[in-house]
Amino acid sequence: QVQLVESGGGLVHTGGSLRLSCAASGTFFDINYMGWYRQAPGKQRDLVALIFSGATINYADSVLGRFTISRDNAKNTVYLQMNSLKPEDTAVYYCNARVKNTRYSAPSNYWGQGTQVTVSS
């Protein structure tokens, strides 16, 4: 099993910055990708950014140029540097990872518990 532990959320003013971290722990063979989704009250959970094991990165259009995702493979940790934050970035941010538990198993999807990011105007 894989556990994802997030940290770094909080309250910030418009234009401010926050850095989220998510560490994967447990026993597994390989991580295909790690990334972040977010869910605002009354809305669906949406992709923010993903980083694949080959370093390919996907960003939501709404965060391009403001957010940067990075990954430390040695620590099985993914980071999300969020700059120029806007009130519309307010949401619970969830870490997501697609993991192969063994060499021959199909990949499984894991979620963190979520961390609140609030941007005040």
Side-chain angles (χ1 to χ4, degrees):
Q1 287 294 319
V2 176
Q3 295 79 43
L4 301 178
V5 178
E6 301 136 334
S7 61
L11 172 65
V12 66
H13 292 298
T14 297
S17 297
L18 284 173
R19 189 189 193 213
L20 305 183
S21 300
C22 171
S25 63
T27 303
F28 50 88
F29 174 73
D30 186 49
I31 298 176
N32 295 150
Y33 63 73
M34 297 184 76
W36 297 91
Y37 285 73
R38 66 187 180 186
Q39 188 167 20
K43 296 188 176 181
Q44 66 181 20
R45 189 174 296 187
D46 291 327
L47 171 70
V48 176
L50 289 177
I51 183 166
F52 293 78
S53 57
T56 299
I57 292 174
N58 289 342
Y59 289 107
D61 289 345
S62 59
V63 306
L64 272 173
R66 301 188 298 122
F67 291 10
T68 302
I69 190 170
S70 60
R71 180 173 165 180
D72 185 334
N73 291 326
K75 296 181 179 180
N76 294 316
T77 299
V78 65
Y79 306 95
L80 186 68
Q81 178 65 43
M82 304 185 293
N83 298 328
S84 302
L85 282 160
K86 305 174 181 180
E88 51 263 44
D89 295 316
T90 295
V92 178
Y93 283 68
Y94 294 92
C95 181
N96 174 249
R98 192 157 180 84
V99 178
K100 292 192 69 173
N101 291 301
T102 69
R103 178 186 293 272
Y104 303 107
S105 63
S108 299
N109 210 30
Y110 293 91
W111 293 94
Q113 79 282 2
T115 185
Q116 177 70 45
V117 171
T118 302
V119 184
S120 63
S121 57

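Note that this is a predicted model, so its numbers are computed, not measured.
- A distance-only check finds no donor-acceptor pair linking the side chain of Q81 to the backbone of R19 [under 3.5 Å].
- Remark: the backbone N or O of D89 is not paired with any side-chain donor or acceptor of K86 at under 3.5 angstrom.
- In terms of modelled atom types and a separation under 3.5 Å, the side chain of T14 and the main chain of S120 share a donor-acceptor contact.
- Across all their heavy atoms, V78 and C95 have their closest contact at CG1-SG, 4.1 Å.
- The CD1 atom of I31 sits 13.0 Å away from the CZ atom of R98 when rounded to the nearest 0.5 Å.
- A distance of 8.0 Å separates CG of L80 from OG1 of T68, quoted to the nearest 0.5 Å.
- In this structure, S25 OG and Q1 CD are separated by 11.0 Å, a value rounded to the nearest 0.5 Å.
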### Query
Are Y33 and N96 close enough, and set up right, to give a side-chain contact (heavy atoms from CB on, under 4.5 Å), and what steps lead you there?
CA-CA 8 Å; Y33 63 73; N96 174 249; 3.3 Å; yes
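- The nearest pair of heavy atoms linking A24 to L4 is CB-CD2, 3.6 Å.
- For the atom pair OG1 of T102 and CG of D30, the computed distance is 11.0 Å after rounding to the nearest 0.5 Å.
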### Task
Kindly determine whether R38 and S62 satisfy side-chain contact (heavy atoms from CB on, under 4.5 Å), including the steps that lead there.
CA-CA 12 Å; R38 66 187 180 186; S62 59; 3.3 Å; yes
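- V5 and Y110 fall into different hydrophobic clusters, defined by Ile, Leu, Val, Met, Phe, Trp and Tyr side-chain heavy atoms under 4.5 Å apart, directly or through other members.
- Distance alone, capped at 3.5 Å, is enough to place a donor-acceptor pair between the T90 side chain and the V119 backbone.
- One distance of note links CZ of F52 with CD1 of I57; it measures 10.0 Å at 0.5 Å rounding.
- Counted by atom type alone, N32 and S53 present zero donor-acceptor pairs between their side chains at under 3.5 Å.
- Side-chain contact, R71 with N73: a donor N or O sits under 3.5 Å from an acceptor N or O.
- In terms of heavy atoms, W36 sits closest to L50 at N-CD2, 4.4 Å.
- The side-chain heavy atoms of V92 and Y37, taken from C-beta on, include no pair separated by under 4.5 Å.
- With hydrogens and angles ignored, the 3.5 Å screen pairs no side-chain donor or acceptor of Y59 with any backbone N or O of R66.
- The aromatic rings of W111 and Y94 stand perpendicular to each other, their planes meeting at an angle above 60°, with 30° marking the opposite boundary.
- When the side chains of ILVMFWY residues are joined at heavy-atom separations under 4.5 Å, either directly or via intervening members, F67 and V12 end up in a single hydrophobic cluster.
- Contact detail for L85 and L18: the closest heavy-atom pair is CD1-N, 3.8 Å.
- Hydrophobic clustering places V117 together with L64 (ILVMFWY residues linked when any side-chain heavy atoms are closer than 4.5 Å, directly or through intermediates).
- A pairwise comparison of heavy atoms in S17 and N83 identifies OG-OD1, 2.9 Å as the closest pair.
- Nearest heavy atom pair, residue E6 against residue G114, reads OE1-N, 2.5 Å.
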